[in-house]
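Here's the structure we're looking at; comments come further down.
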2 protein chains.
Amino acid sequence: MFSKACEYGIRAATYIALQSLEGKRTSLKDIAKETDSPVAFTAKILQQLSKNKIVESVKGASGGFEIQKRNVQTIKLSQIVYAIDGDKVYHGCGLGLKECNGAKPCPVHDKFVGIRDGLKNMLETTTLLEMTTGLEVGLTYLKR
Amino acid sequence: MFSKACEYGIRAATYIALQSLEGKRTSLKDIAKETDSPVAFTAKILQQLSKNKIVESVKGASGGFEIQKRNVQTIKLSQIVYAIDGDKVYHGCGLGLKECNGAKPCPVHDKFVGIRDGLKNMLETTTLLEMTTGLEVGLTYLKR
DNA sequence: TTTAAATAGGACAAAAATATCCGAAATAAA
DNA sequence: TTTATTTCGGATATTTTTGTCCTATTTAAA
């Protein structure tokens with residue numbers, strides 16, 4: 001569904017959000033460990049998320065990554081996916097045709113539109129805050 | 001959503017089905033041309049589909065690929081996807097966790113299950129015959 | 001001021017996916 | 001029987017994705 005980079009990105013952002021809610025800034029090392037992701041690759045992804053204003057980075061000793069609490073409530077999964085994978089989730093044809101739309105559809109166009117809209121809707125309505133709620137009480141997990 | 005190989009595979013199988021309904025056997029060259037796919041790569045994919053009994057291949061002059069008419073009615077997209085991409089469409093976690101299930105879910109597990117079930121259901125209920133119906137009358141397309 | 005800890009970013013490496021090439025084998029037709 | 005056509009399958013090449021490494025820069029604390 002998503003690229004590995006995007007999966008790591010969502011997991012990282014979710015963990016940063018969780019820590020930020022507790023007023024903690026968190027380091028690359030911690031993030032990679034707690035999301036079971038490769039450290040150096042995660043670093044690249046966090047750079048992208050930082051450039052896209054999804055996370056804030058602080059250089060130097062006691063630096064790390066954080067997300068303003070008010071942003072934890074407003075940032076949607078769709079923003080993270082867009083920052084890393086672009087809009088191909090929304091605009092790609094299920095059968096890989098370059099042009100595929102209502103006027104000249106592939107044989108599964110209509111069916112795909114329904115499924116993709118479901119995914120799109122889910123991504124656009126799920127906030128980072130919502131991602132963290134189960135984690136706090138051990139109902140959901142970011143690794144394993 | 002699917003790999004390129006799988007997209008080519010679905011398009012190829014659909015074109016072969018369309019020709020088979022008209023009693024025509026079709027060659028690799030034709031298939032690649034009519035589905036706008038790379039010839040040699042399509043050959044590999046057709047080999048896989050042939051091994052998985054989704055298409056029948058006939059070697060030699062005037063050989064090519066075909067699908068028995070009764071099979072055009074019964075073969076589902078899910079079989080093609082499974083033959084090429086395996087079951088990762090069904091069993092993968094949206095965030096890439098190795099284990100992710102109702103007991104120990106990732107934060108988006110439940111939401112993903114819904115979307116994936118929609119996709120699964122679509123693949124399991126769409127036959128090759130259904131894929132071809134719009135093509136005959138120019139309502140749908142396999143290239144562009 | 002020095003040192004240690006941390007991110008930034010460029011260069012490089014490895015793995016996977018995508019794609020091509022070519023000789024072998026099969027088959028129909030000349 | 002020979003030839004042309006076609007798939008099969010192994011080897012190889014290219015591109016993209018995933019991943020690592022190293023140096024520079026920033027910053028807090030000693």
Side-chain angles (χ1 to χ4, degrees), chain A residues 1-13 15-16 19 24-33 35-67 81 83-86 88-89 92 95-96 98, chain B residues 1-13 15-16 19 24-33 35-67 81 83-86 88-89 92 95-96 98:
Chain A
M1 200 83 88
F2 306 128
S3 67
K4 278 281 166 202
C6 195
E7 292 173 357
Y8 294 147
I10 294 174
R11 274 147 64 185
Y15 182 71
I16 296 167
Q19 294 302 304
K24 295 177 193 160
R25 185 181 293 162
T26 179
S27 73
L28 168 63
K29 237 196 253 176
D30 265 2
I31 295 163
K33 189 180 168 198
T35 60
D36 196 23
S37 306
V39 180
F41 194 41
T42 300
K44 296 294 183 197
I45 296 160
L46 285 172
Q47 278 180 40
Q48 273 186 273
L49 293 182
S50 177
K51 280 178 190 162
N52 283 274
K53 316 268 184 192
I54 289 164
V55 305
E56 288 173 58
S57 73
V58 179
K59 275 187 167 186
S62 83
F65 297 89
E66 61 190 356
I67 302 173
V81 172
I84 299 173
D85 279 350
K88 63 185 167 192
V89 176
L95 298 189
K98 285 163 213 131
Chain B
M1 201 81 90
F2 306 128
S3 67
K4 279 278 166 205
C6 196
E7 291 173 357
Y8 296 147
I10 294 173
R11 276 148 59 185
Y15 183 71
I16 295 167
Q19 295 302 304
K24 296 177 194 160
R25 185 182 291 162
T26 180
S27 72
L28 168 64
K29 237 196 252 177
D30 266 2
I31 295 163
K33 188 180 168 198
T35 61
D36 195 24
S37 306
V39 181
F41 194 44
T42 301
K44 294 295 181 194
I45 296 159
L46 286 172
Q47 279 181 37
Q48 272 186 273
L49 293 182
S50 177
K51 283 178 190 162
N52 284 274
K53 316 270 184 193
I54 289 163
V55 305
E56 287 174 59
S57 73
V58 180
K59 277 185 167 186
S62 85
F65 297 88
E66 62 191 355
I67 303 174
V81 172
I84 300 172
D85 280 352
K88 63 186 167 191
V89 175
L95 299 189
K98 286 163 214 130

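Proteins get letters first, then strands, A, B, ... in listed order; numbering begins at 1 in each.
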Notebook entry, point to check: What integer distance in Å separates Leu46(B):CG from dT20(C):C1'?
Noted result: 16 Å
Checklist line | Lys/Arg N to Asp/Glu carboxylate O, Lys98(A) vs Asp36(B), below 4.0 Å | finding: yes
Item checked: Smallest separation among heavy atoms of Ile84(B) and Ile45(B), with atom names -> CD1-CG2, 3.7 Å
Next item on the list: Check the distance between dA17(C)'s P and Ile45(B)'s CD1 and give it to me in whole angstrom.
Entry: 13 Å
Check: Of Tyr8(A) and Gly60(B), whose nearest nucleotide on DNA chain D comes first from the 5' end?
Finding: Gly60(B)
Margin query: Whether the side chain of Lys44(A) and the base of dG10(C) hold a donor-acceptor pair under 3.5 Å is what I'd like checked.
Written below: yes
Next item on the list: Extract, from 5' to 3' on DNA chain D, the first and final nucleotides lying under 4.0 angstrom from some heavy atom of chain A.
Entry: dT18(D) to dA28(D)
Check: 5'-most contact on DNA chain D: Lys51(B) or Val39(A), nearest heavy atom basis?
Finding: Lys51(B)
Item checked: For atom CD of Glu56(A) and atom P of dA6(C), their distance in whole Å -> 19 Å
Next item on the list: Calculate the interatomic distance between Gln47(B) atom CD and dA19(C) atom P; express it in whole Å.
Entry: 16 Å
Margin query: If I take atom NZ in residue Lys29(B) and atom P in nucleotide dT20(C), what distance separates them, rounded to the nearest angstrom?
Written below: 16 Å
Next item on the list: To the nearest Å, give me how far apart CD (Gln48(A)) and P (dG9(C)) are.
Entry: 11 Å
Checklist line | Which nucleotide in dT18(C), dA28(C), dT7(C) has an atom nearest any side-chain atom of Ser27(A) | finding: dT7(C)
